[in-house]
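Take a look at the structure set out below.
Order of the sequence lines fixes the chain letters, A, B, ..., with proteins taken first and strands second; residue numbering starts at 1 for each chain.
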Protein chains: 2
Amino acid sequence: MSLISEPIASFSPLYEQIKAMILASLQASEWLPGDAIPSEMELAARYAVSQGTVRKAIDELAAQNLLIRRQGKGTFVATHQEEDFQYRFLRLEPDSGEKLHLKNQFLACENIPSDPYIARLLKIKPGDSIIRIDRIQSSAGRPIAFEEIWLPEARFKGLNLEMLNAWPGPMYAFYESEYATHMVRAEEKIKAVLAGSDLAKYLQISEGAALLSVERVAFTYGNKPVEIRHARYDTNGQHYDNKLN
Amino acid sequence: MSLISEPIASFSPLYEQIKAMILASLQASEWLPGDAIPSEMELAARYAVSQGTVRKAIDELAAQNLLIRRQGKGTFVATHQEEDFQYRFLRLEPDSGEKLHLKNQFLACENIPSDPYIARLLKIKPGDSIIRIDRIQSSAGRPIAFEEIWLPEARFKGLNLEMLNAWPGPMYAFYESEYATHMVRAEEKIKAVLAGSDLAKYLQISEGAALLSVERVAFTYGNKPVEIRHARYDTNGQHYDNKLN
DNA sequence: CAGTGGTCTAGACCACACT
DNA sequence: GTGTGGTCTAGACCACTGC
């Protein structure tokens with residue numbers, strides 16, 4: 001593979017061009033999640049700019065959680081395998097403030113044609129094949145969340161129930177190691193809804209109880225949407241935690 | 001007033017010390033929201049460091065939304081009076097994606113002794129005097145949110161219904177201009193709840209409908225909690241929008 | 001035009017991790 | 001010790017704003 005070392009956009013500050021080139025290398029899997037990228041000096045040489053300029057580019061990518069700096073060791077591509085990133089997108093926490101430990105139970109994993117709604121969110125054509133997964137998450141033996149997940153089949157070929165059941169960690173670590181797909185950011189829309197009979201059964205609560213509905217679109221490099229999730233949380237004993245800055 | 005120009009903490013990088021000193025000046029109201037702070041060169045002279053070091057300090061404060069840089073003009077203290085910051089902490093938006101325009105109706109504003117729960121959140125003593133405000137917010141004539149707000153009376157002396165009704169803009173702009181209190185960040189805990197008879201009446205919905213419950217603690221400079229809010233949103237037609245990075 | 005923030009460089013030195 | 005990122009400096013020049 002040829003190294004990416006020529007500007008991509010026509011004009012902007014140098015460090016923006018460097019950012020774009022580093023991003024392109026990430027997207028092209030030149031460096032994989034967990035890997036160290038070349039040192040600042042090496043990148044400065046490669047792009048023919050000063051170390052300070054590379055530094056500013058890396059600083060901004062690190063601020064977006066795409067890279068992780070480790071003094072004395074190097075700069076690494078962010079990965080959901082790491083301790084700190086394991087539950088990076090999980091905002092649910094017990095009212096007590098402790099850390100939530102969730103256990104998975106997968107109910108279904110089927111291959112279906114996409115309806116127009118999911119297709120629009122995933123930016124694929126209606127009718128294109130997608131994978132739909134259902135799961136229940138429990139904390140201390142109590143079911144807390146019911147989730148439906150939709151994935152474009154083209155990217156997640158062969159994904160099935162056995163693989164999911166065999167995987168010990170978080171979903172996003174699974175996508176990364178099995179499908180070379182690293183999630184970079186996500187958007188959520190939150191509502192309050194009433195439990196119907198199905199949800200009541202899954203979550204062992206009474207019909208008509210209030211549930212938190214969270215619809216998430218998750219994106220990989222290049223703002224590409226690659227996962228839709230619709231979660232329903234029982235917020236009795238836990239809540240969705242958010243910081244506003 | 002004597003200028004703050006001596007280190008506050010004992011050791012850390014220079015730019016961290018500069019950050020702390022700028023922060024102290026903000027907290028001490030040496031520069032007010034909306035004001036320009038001294039230029040990078042002036043601050044560099046004042047703190048006896050290079051411009052680059054001041055720059056890094058300001059960069060980080062700007063990243064936290066405490067300062068705003070405007071090329072060619074200067075660096076300004078962030079204010080909720082500004083267009084962009086008006087609804088900085090409002091995450092509710094119509095499902096259509098348009099901008100929400102809310103109208104206020106204040107129901108009550110009373111002076112009461114603090115219960116232990118609110119006291120703990122505000123870091124005051126139980127029994128200390130607090131102000132409690134109730135309001136309904138409507139969009140296009142439809143009530144959408146019911147909010148209870150608690151403020152420490154010591155900081156918000158004399159606040160009453162007439163003042164609230166006379167104020168045209170957002171609450172946080174009001175706190176800023178009338179009580180020299182600028183909100184810097186906030187934390188929210190979100191749950192789904194069922195509407196009781198009171199909420200059903202206020203929001204013109206049926207009892208037992210699902211509502212989003214949002215408990216917010218808002219902080220001013222120095223991580224000082226100065227406002228508690230408990231909102232109940234009708235998420236029929238609008239949702240709480242969140243970005244995860 | 002002068003004054004502000006924004007970019008870029010080159011070089012010195014520090015703090016930390018590995019071996 | 002060597003190599004990594006982290007801090008700090010000094011100086012040049014660019015881009016934008018407002019007089």
Side-chain angles (χ1 to χ4, degrees), chain A residues 5-22 25-26 31 34-79 82-84, chain B residues 5-22 25-26 31 34-79 82-84:
Chain A
S5 65
E6 288 300 318
I8 289 173
S10 60
F11 205 75
S12 49
L14 255 184
Y15 74 86
E16 287 288 356
Q17 299 176 39
I18 309 295
K19 263 176 71 175
M21 288 190 281
I22 293 176
S25 288
L26 290 172
W31 310 308
D35 283 1
I37 69 171
S39 74
E40 295 180 353
M41 287 310 240
E42 286 178 274
L43 290 175
R46 165 161 164 185
Y47 301 130
V49 298
S50 78
Q51 191 214 10
T53 301
V54 169
R55 198 170 171 71
K56 172 140 186 166
I58 292 178
D59 276 347
E60 299 204 349
L61 294 171
Q64 291 167 63
N65 291 317
L66 293 172
L67 298 176
I68 305 191
R69 293 173 160 291
R70 297 213 193 106
Q71 183 170 161
K73 295 206 221 174
T75 300
F76 299 78
V77 182
T79 169
E82 291 291 323
E83 184 74 38
D84 314 349
Chain B
S5 65
E6 288 301 318
I8 288 173
S10 61
F11 206 76
S12 50
L14 255 183
Y15 74 86
E16 287 289 357
Q17 300 176 39
I18 309 294
K19 263 176 73 176
M21 287 190 282
I22 294 175
S25 289
L26 291 172
W31 310 307
D35 283 1
I37 70 170
S39 74
E40 294 179 353
M41 286 310 238
E42 286 177 275
L43 289 174
R46 166 161 164 185
Y47 302 128
V49 297
S50 76
Q51 192 214 11
T53 301
V54 168
R55 200 173 169 70
K56 172 138 186 169
I58 291 178
D59 276 346
E60 298 204 349
L61 293 171
Q64 292 168 60
N65 291 317
L66 293 173
L67 298 176
I68 305 191
R69 316 189 79 131
R70 298 213 194 105
Q71 183 171 160
K73 295 206 221 174
T75 300
F76 299 78
V77 182
T79 168
E82 292 290 324
E83 183 73 40
D84 314 350

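- Listed here is the closest heavy atom pair of B:R46 and B:S25: NH2-OG, 3.5 Å.
- As a whole-Å value, the separation of B:L14 CG from D:dA10 P is 12 Å.
- Checking side-chain atoms of A:E82 against main-chain N and O of A:G34 turns up no donor-acceptor pair under 3.5 Å.
- Checking the phosphate oxygens (OP1, OP2) of D:dC8, no side-chain nitrogen or oxygen of B:S50 falls inside 4.0 Å.
- Taking 4.0 angstrom as the limit, A:K73 places none of its side-chain polar atoms (N or O) nearer than this to OP1 or OP2 of C:dC16.
- When the C1' atom of D:dG6 is taken as reference, atom CD of A:E40 falls 8 Å away, rounded to whole Å.
- Contact check, A:Y15 against C:dC8: no side-chain N or O comes under 4.0 Å of OP1 or OP2.
- The interatomic distance linking B:R55 (CZ) with C:dC8 (C1') rounds to 11 Å, in whole Å.
- As a whole-Å value, the separation of B:E16 CD from C:dC14 C1' is 16 Å.
- The shortest heavy-atom contact between A:R69 and A:T75 is NH1-OG1, 4.0 Å.
- Across all their heavy atoms, A:V77 and A:L67 have their closest contact at CA-CD2, 4.0 Å.
- Taking only side-chain nitrogens and oxygens, A:T53 comes nearer than 4.0 Å to OP1 or OP2 of C:dT9.
- Separating the CG atom of B:L43 from the P atom of D:dC8 is a distance of 16 Å, rounded to the nearest angstrom.
- Following rounding to the nearest Å, B:M41 (CE) and C:dT4 (P) show an atom-to-atom distance of 9 Å.
- For the pair B:K56 and D:dC8, the criterion of a side-chain N or O lying under 4.0 Å from OP1 or OP2 is not met.
- Across every strand in view, D:dG1 sits in a pair with C:dC18 that passes the Watson-Crick or G-U test at under 3.5 angstrom.
- Using a 4.0 Å heavy-atom criterion, one finds that B:Q71 contacts the bases of the nucleic acid, with or without backbone contacts as well.
- Counting non-hydrogen atoms under 4.0 angstrom, B:R70 reaches the backbone sugars and phosphates but no base.
- A:Q51 places its CD atom 10 Å from the P atom of D:dG6, with the value rounded to the nearest Å.
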Please walk me through it: do A:L43 and A:I18 pass side-chain contact (heavy atoms from CB on, under 4.5 Å)? CA-CA 9 Å; A:L43 290 175; A:I18 309 295; over 6 Å; no
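- Rounded to whole Å, atom P of C:dG5 lies 11 Å from atom CG of B:L67.
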